[in-house]
Amino acid sequence: MTAYTSDLLKTLSERGYIHQCTDAEALDAAASKGTICAYIGFDCTAPSLHAGSLLGIMMLRKLQQSGHKPIVLMGGGTTKVGDPSGKDESRKVLTDDDISANMAGIREVFTKFLEFGDGPTDAVMVNNADWLDELNYISFLRDYGRHFTVNRMLSFDSVKLRLEREHPLTFLEFNYMILQAYDFLELHRRYGCTLQMGGSDQWGNIVNGIELSRRVDSAELYGLTTALLTTSSGAKMGKTAAGAVWLNADMLSPYDYWQYWRNTEDADVGRFLRLFTELPLDEIEKLESLDGAELNEAKKTLATQATRLAHGDDAAAQAAETARQTFEQGTLADGLPTLDIDPAKLKNGVGILTLTVEAGLAATNGEARRAISNNAIAVNDIRITDPKHTVGESDLVQDGAIKLSFGKKRHVLIRPA
RNA sequence: GGAGGGGUGCCCGAGUGGUUAAAGGGGACGGGCUGUAAACCCGUUGGCUAUGCCUACGUUGGUUCGAAUCCAACCCCCUCCA
């Protein structure tokens with residue numbers, strides 16, 4: 001690996017963010033000389049970003065910490081088209097209302113990771129619908145479409161994949177790469193943005209933007225990608241039992257978020273500590289050199305540090321404490337997810353199936369029933385074997401709650417209220 | 001517009017008149033082992049007021065005692081031709 005002189009590239013490369021870079025030396029020089037401005041685009045397909053987007057978010061954070069200006073580009077316009085990269089099938093078309101609701105949720109996430117404002121290194125958030133919506137088809141084609149050959153567009157992975165697998169690629173989606181290329185050009189014009197970052201699946205789109213800007217504006221822009229993040233066993237990051245690992249607290253509690261990181265595979269601990277926490281590298285080296293069960297300490301550190309960034313110190317500490325009480329002491333921890341229940345109902349006794357469903361541990365009675373026959377359901381740590389079992393006031397333990405568990409890891413406190 | 005191929009459960013994919021809630025695989029979840037890890041082994045994987053009932057193989061009708069399987073129309077996708 002080249003020895004970089006800029007803080008930015010030094011940090012990014014030491015921590016393992018960099019996969020490919022269009023012209024690392026020139027970018028390094030530019031970043032050492034002064035403030036640069038860089039962007040990453042985010043889709044607006046869901047009301048929150050999830051752990052899969054975290055790499056990008058962290059890079060923008062590192063960028064800002066190294067004294068540069070991050071731009072968060074919301075794909076309000078491009079989401080209407082749908083990025084075919086890495087996808088077999090076209091995406092559902094979202095309505096404008098969906099998109100703007102999603103954008104509002106996503107905005108939340110970024111306020112945790114970046115400082116927004118008007119200063120030279122303050123982050124800004126822009127929406128590409130601002131310029132894409134107004135494009136005039138004919139003039140856009142004449143001014144920009146002329147710089148793309150279909151020959152080359154067909155050679156991109158995102159397109160090739162669909163063609164080879166004989167899956168349909170609509171003309172709408174085919175245009176995506178041109179629009180993203182145009183975004184880069186537009187951001188360069190508006191903000192002097194010279195760097196686009198993204199996942200390795202974005203390489204083609206990024207390079208297109210660089211080339212377009214060079215041809216149209218003679219601008220010299222850079223691209224940098226990160227390796228697509230998977231766990232050591234090859235699973236995609238960010239998915240779990242309950243669904244995606246959302247970054248918004250209202251979609252996934254800080255406790256569950258902490259748990260997600262706590263359950264990291266051994267082989268990923270060091271890598272994740274570098275990417276998703278801000279601990280100094282020497283400390284990380286110490287943590288990852290732990291052996292066997294001791295590595296669990298490193299996982300706890302990872303979980304707490306990662307949770308701090310997304311949810312703040314207090315929430316992280318509380319999640320750690322809740323986990324400690326639950327898993328290490330086997331006691332009831334207040335911080336577990338809670339379900340309030342009508343005391344009158346409890347007095348009469350509530351069926352275990354109903355309770356499991358209401359607590360959100362199972363989606364249907366049938367699932368709860370199956371879980372019971374799989375030995376998965378426990379009340380106050382006592383296995384339930386009878387689907388007709390009822391829970392009542394007598395099950396309330398010390399601090400007036402009932403602990404309902406699905407498997408060894410998922411617990412909910414039932415409280416009369 | 002024409003010819004041919006196709007639409008099956010979370011995904012892939014078998015099934016071409018009955019014992020089919022639908023083989024097999026993947027994924028996911030649970031149990032065991034462990035360290036809240038990986039690997040491995042075992043199990044589960046449509047719903048319900050549950051020894052029965054309901055819903056389900058693109059949609060709507062039809063044939064039949066009986067259909068994912070046969071017929072008709074329609075919708076959608078793919079390939080080739082115009």
Side-chain angles (χ1 to χ4, degrees), chain A residues 84 86-93 161-173 230-245 255-273 287-304 306-307 319-331 333 335-337 350-354 356-357 359-378 381-390 403-411:
Chain A
K87 293 186 189 63
D88 274 5
E89 305 202 355
S90 346
R91 215 183 334 238
K92 270 197 295 266
V93 178
L161 184 85
R162 289 280 188 91
L163 295 181
E164 277 163 12
R165 304 188 69 178
E166 299 193 346
H167 284 151
L169 175 77
T170 62
F171 185 64
L172 174 75
E173 296 168 286
T230 54
T231 67
S232 294
S233 33
K236 269 194 215 110
M237 282 286 291
K239 289 280 156 78
T240 168
V245 180
Y255 169 76
D256 287 324
Y257 190 77
W258 193 94
Q259 281 297 323
Y260 173 74
W261 295 105
R262 169 67 245 262
N263 286 311
T264 296
E265 295 173 24
D266 284 9
D268 293 325
V269 173
R271 195 160 55 105
F272 286 4
L273 278 167
L287 283 169
E288 70 178 332
S289 67
L290 294 172
D291 269 332
E294 289 183 9
L295 198 54
N296 280 328
E297 291 309 313
K299 291 185 190 180
K300 288 180 209 166
T301 306
L302 167 63
T304 303
T307 306
E321 176 56 19
T322 301
R324 197 183 65 78
Q325 288 173 16
T326 305
F327 288 96
E328 290 174 27
Q329 302 189 326
T331 53
L336 289 174
V350 183
I352 186 70
L353 298 179
T354 314
T356 305
V357 172
L361 292 172
T364 62
N365 281 1
E367 191 183 330
R369 195 183 295 274
R370 270 178 252 126
I372 287 174
S373 56
N374 281 339
N375 259 337
I377 302 292
D381 298 316
I382 298 163
R383 287 275 162 86
I384 301 299
T385 50
D386 176 12
K388 293 204 172 77
H389 182 89
T390 59
K403 180 180 171 194
L404 179 67
S405 312
F406 186 111
K408 282 180 294 195
K409 295 188 194 175
R410 295 162 68 199
H411 311 281

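Quick note: numbers below take in every heavy atom, side chains included, and nothing from hydrogens, waters or symmetry partners. Within every chain, numbering begins at 1; the chains are lettered A, B, ... in the order of the sequence lines, protein sequences first and strands thereafter.
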**Asked** Partners of A:Arg383 by salt bridge (charged side-chain N to carboxylate O under 4.0 Å, His left out), sequence neighbours excluded?
**Response** none
**Prompt:** Excluding sequence neighbours, so at least two apart, what forms salt bridge (charged side-chain N to carboxylate O under 4.0 Å, His left out) with A:Lys403?
**Reply:** A:Asp381
**Message:** Suppose you measure atom C1' in B:rG17 against the same atom in B:rU63; what distance do you get, rounded to whole Å?
**Reply:** 11 Å
**Asked** Sequence neighbours excluded, which residues qualify as side chain to side chain contact (heavy atoms under 4.5 Å, CB included) partners of A:Ala306?
**Response** A:Trp261
**Message:** Taking side chain to side chain contact (heavy atoms under 4.5 Å, CB included) as the definition, give me every residue that meets it alongside A:Ala378, ordered by chain and number, with sequence neighbours left out.
**Reply:** A:Ser405
**Asked** What interatomic distance, in whole Å, is found between C1' of B:rC33 and the corresponding atom of B:rC40?
**Response** 9 Å
**Message:** Measure CG/A:Asn375 against C1'/B:rC29 and give the value in whole Å, please.
**Reply:** 14 Å
**Prompt:** Given the C1' atoms of B:rG35 and B:rG7, what is the spacing between them in whole Å?
**Reply:** 48 Å
**Asked** For every nucleotide of nucleotides 44-51 of chain B, 5' to 3': is a protein heavy atom under 4.0 Å from its base (B), only from its sugar-phosphate (S), or from neither (-)?
**Response** SSSSSSB-
**Prompt:** More than 12 foreign heavy atoms under 6.0 Å from CG of A:Asp291: is that the case here?
**Reply:** no
**Request:** In whole angstrom, give me the gap between the P atoms of B:rC74 and B:rG27.
**Result:** 42 Å
**Message:** Using a strict threshold of under 4.0 Å (side-chain N to carboxylate O), is an ion pair present between A:Lys300 and A:Glu328?
**Reply:** yes
**Item:** Partner residues of A:Thr326 under the side-chain hydrogen bond (donor to acceptor under 3.5 Å, both in side chains) criterion, sequence neighbours left out
**Value:** none
**Request:** Please state the C1' separation for the pair B:rG58 and B:rG6 - nearest whole angstrom.
**Result:** 11 Å
**Request:** Can you sort out the partners of A:Glu294 under salt bridge (charged side-chain N to carboxylate O under 4.0 Å, His left out), two or more places apart, ordered by chain and number?
**Result:** none
**Complete:** Each base of RNA chain B marked ( ) or [ ] if paired in-strand (Watson-Crick or G-U under 3.5 Å), | if paired to another strand and . if unpaired gives ((((((((.[[[..)..(.....]]]((((((.......))))))(((...)))...[[[[[..)....]]]]]))))))).
**Item:** Integer angstrom distance from the C1' of B:rU8 to that of B:rU20
**Value:** 12 Å
**Prompt:** For A:Asp256, what residues pass the salt bridge (charged side-chain N to carboxylate O under 4.0 Å, His left out) criterion, not counting sequence neighbours?
**Reply:** none
**Item:** Residues which pass side-chain hydrogen bond (donor to acceptor under 3.5 Å, both in side chains) with A:Lys408, listed by chain and number, not counting sequence neighbours
**Value:** none
Would you tabulate the nitrogen or oxygen pairs shorter than 3.5 Å linking the protein to nucleotides 33-36 of chain B?
unit_1: B:rU34; atom_1: O4; unit_2: A:Lys408; atom_2: NZ; d: 2.7
unit_1: B:rG35; atom_1: O6; unit_2: A:Asp266; atom_2: OD2; d: 3.2
unit_1: B:rG35; atom_1: N1; unit_2: A:Asp266; atom_2: OD1; d: 3.2
unit_1: B:rG35; atom_1: N1; unit_2: A:Asp266; atom_2: OD2; d: 2.6
unit_1: B:rG35; atom_1: N2; unit_2: A:Asp266; atom_2: OD1; d: 2.5
unit_1: B:rG35; atom_1: N2; unit_2: A:Asn296; atom_2: OD1; d: 3.4
unit_1: B:rG35; atom_1: N2; unit_2: A:Lys299; atom_2: NZ; d: 2.8
unit_1: B:rG35; atom_1: N3; unit_2: A:Asn296; atom_2: ND2; d: 3.4
unit_1: B:rU36; atom_1: O2'; unit_2: A:Asn263; atom_2: OD1; d: 2.3
unit_1: B:rU36; atom_1: O2; unit_2: A:Gln259; atom_2: OE1; d: 2.8
unit_1: B:rU36; atom_1: O2; unit_2: A:Asn263; atom_2: OD1; d: 3.3
unit_1: B:rU36; atom_1: N3; unit_2: A:Gln259; atom_2: OE1; d: 3.1
unit_1: B:rU36; atom_1: N3; unit_2: A:Gln259; atom_2: NE2; d: 3.4

**Request:** Can you tell me which residue pairs pass the side-chain hydrogen bond (donor to acceptor under 3.5 Å, both in side chains) test with a partner in residues 359-376 of chain A, sequence neighbours excluded?
**Result:** none
